[in-house]
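Quick note: numbers below take in every heavy atom, side chains included, and nothing from hydrogens, waters or symmetry partners.
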Amino acid sequence: MVSETETSAIGNALVVLGAAGIVIPAFARFRISPVIGFILVGLLVGPSGLGAFAADYPWLKHVTIGSVEDIATFGEFGIILLLFSIGLELSFRRLWQLRTLVFGIGAAELFVGGAILGTALLLFGEHSTAAAYGLGIALALSSTALVLPIAGTKSAVGRASFSMLLFEDLALVPIIFILAALSPAASGDSAELLLTTLWHGALVVAALAVAGWFLLPKIFAQAARAKNPELFLAASLLVVIVAALATAAVGLSPIVGALLAGLMIAETEYHNEVEAITAPFKGLALGVFLISVGMGLNLKTIASQWPELVAAVVGVVLIKAAVTAALLRFSGQVRRGTAAEVGLLMASPSETTLIVLATALQAQLISRDTAEFWQLVTAIGLTITPLLARVGHDIARRIEMRTGDAQAEETPEGRTVIVGFGRVGRTVAELLREHGRPYIAVDADIDTVAAARRDGFVVRFADVARPGALDRLGIESAQAIVLTMDDPVQQLRMTRQLKQKHPDLPIISRARDADHAAALYKAGANDAVPETLESSLQLAEAVLIDLGVAMGPVIASIHDVRAKMRHDIMTKGDLDHEPRIRKLRTPGS
């Protein structure tokens with residue numbers, strides 16, 4: 001017979017799985033972050049939502065969750081899997097490259113932001129010094145669970161965010177111990193206990209790293225030989241759980257162990273397989289955590305204290321955004337637009353804020369009412385994080401557009417103009433930059449322009465289809481123009497216009513095939529490069545050689561294809577010279 005506890009657990013699991021099945025597709029259809037959907041579901045099915053009526057309507061017990069504690073463990077496991085997946089995307093070499101951001105900007109962001117927030121609470125609230133600065137540090141923490149899925153770890157925004165979040169995760173244990181030491185009832189051995197924990201933690205981390213170096217390749221090699229995906233999943237979860245339990249056993253956060261497990265697996269050749277097989281579990285577990293956040297929102301308390309809550313949320317967001325953006329900008333680590341975007345993305349409190357608040361309450365530094373108030377502030381802040389990310393992205397784009405236009409105006413004469421900044425245009429710009437040649441690129445996609453400027457390219461927003469757009473780029477003083485757009489009709493029209501207005505200007509154009517190249521030559525292009533030719537020939541060459549055909553006949557065949565292509569373009573384009581298609585490659589070259 002199934003017990004009441006088991007029935008409740010099964011019901012909670014069905015509610016969570018049902019929410020995931022509804023929220024993710026529905027919000028993806030409208031291009032809205034599912035983060036908001038999960039939080040709203042938590043609010044709907046939680047104790048202050050439909051759960052409040054479960055006593056009057058017993059059937060609601062089957063579609064609601066009684067308390068946050070019922071799914072809190074699953075939410076914590078979701079954060080552990082999230083940190084594990086982040087570790088899989090990194091490497092020890094990349095972490096070493098980020099050391100300045102982690103221990104420089106990360107430390108400054110946490111302690112400067114915490115000090116300013118603590119001072120504000122001390123001046124405008126009725127808190128003791130220890131309580132004010134304890135709350136300040138708690139609110140200065142930012143959400144790893146939400147920020148990294150939004151920003152990733154590979155972009156400029158993601159690198160800066162990850163670095164600061166990593167320091168916060170490492171600093172969590174010392175923060176908890178310091179708050180416990182400040183308790184009126186604390187004993188005098190708290191400092192000694194902190195040092196012991198850190199010492200034991202260092203030993204455990206070193207032991208895990210050494211064990212992982214020798215054991216993980218053998219474990220995953222056995223799973224690979226079995227050719228069974230379930231073994232990969234079981235081995236991955238085993239590694240995560242062992243690492244998390246090991247760090248938790250000595251007093252460190254389990255997410256440190258999860259991150260270390262991901263880093264160790266990232267150094268093996270099996271990391272792609274592990275990342276793919278654990279991805280669905282990470283997303284579902286993260287959804288459980290977000291549902292628990294929504295369940296923590298009490299609508300009655302929000303309605304009765306909404307002015308104070310709004311003021312607190314706005315104050316925390318503004319202070320944290322300003323501190324983070326200023327530190328990043330003045331450090332010279334990122335561009336102005338990136339600093340603004342990271343500042344807003346990191347502006348909300350964190351899930352770890354709830355842990356620190358619980359510690360401060362247990363240490364009797366703050367009252368229960370104070371803890372509940374700031375827990376609500378934290379839950380609201382987590383809810384609006386996707387909105388802050390969107391606002392930050394828009395602000396960054398405007399800043400990059402403004403600064404990029406000024407940068408483009410400063411570009412010297414004799415530059416090359418690149419029209420279109422997709423993969424082809426970016427490659428051309430990279431090579432021009434590498435050889436010290438001035439250039440300016442234009443593109444009609446505002447997001448492409450903003451992203452390129454963040455990476456340091458000189459790009460301007462312009463729709464070259466509009467009359468006079470190219471004239472504003474200083475074509476008369478350009479050394480050459482490169483057309484990389486993927487619209488063949490527009491390329492032909494622009495080539496004719498440029499040849500009429502600037503007959504001496506070299507025009508180099510991307511072509512789709514031989515016929516398009518011939519048409520571009522007829523329109524006045526100096527060079528037209530068929531993009532499909534070289535990749536097709538290289539692919540054919542690789543296939544023939546792998547099939548055992550001798551190198552000499554293969555190269556001769558490719559030479560014949562190139563010669564035919566040059567002849568066709570000459571004939572169709574009415575050229576009196578051979579087009580510049582790559583010449584024959586000899587076996588010794």
Which heavy atom of [X] sits nearest to which heavy atom of [Y], and what is that distance?
X	Y	result
S331	I105	CB-CD1, 3.4 Å
I366	A131	CG2-CB, 3.9 Å
L328	A339	CB-CB, 4.0 Å
S350	T378	O-CG2, 3.2 Å
V342	S161	CG1-OG, 3.8 Å
A347	L388	CB-CD1, 4.4 Å

Just by modelled atom types, is the [Y] backbone N or O under 3.5 Å from a matching donor or acceptor in the [X] side chain?
X	Y	answer
T247	A244	yes
T353	A138	yes
K320	M346	yes
E109	L327	no

Rounded to the nearest 0.5 Å, how far does [atom2] of [Y] lie from [atom1] of [X]?
X	Y	atom1	atom2	answer
Q375	T370	CD	OG1	10.5 Å
R390	L344	CZ	CG	12.5 Å
Y133	I137	OH	CD1	10.5 Å
L365	T129	CG	OG1	11.5 Å
L165	L141	CG	CG	9.5 Å
I150	H393	CD1	NE2	12.5 Å

TODO: Answer whether the closest heavy-atom distance between the side chains of L110 and M164 falls below 4.5 Å.
DONE: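 Not touching, per the 4.5 Å side-chain cut-off.
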Open item on the list: Measuring only between side-chain heavy atoms, which start at C-beta, is L166 closer than 4.5 Å to F162?
Closed with: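 They are in side-chain contact.
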Task: Verdict with reasoning, V356 to L135, per side-chain contact (heavy atoms from CB on, under 4.5 Å) - done: CA-CA 8 Å; V356 178; L135 284 172; over 6 Å; no
Open item on the list: As a quick check of understanding, evaluate side-chain contact (heavy atoms from CB on, under 4.5 Å) for I384 and V313, giving each step before the final call.
Closed with: CA-CA 10 Å; I384 65 172; V313 171; 3.9 Å; yes
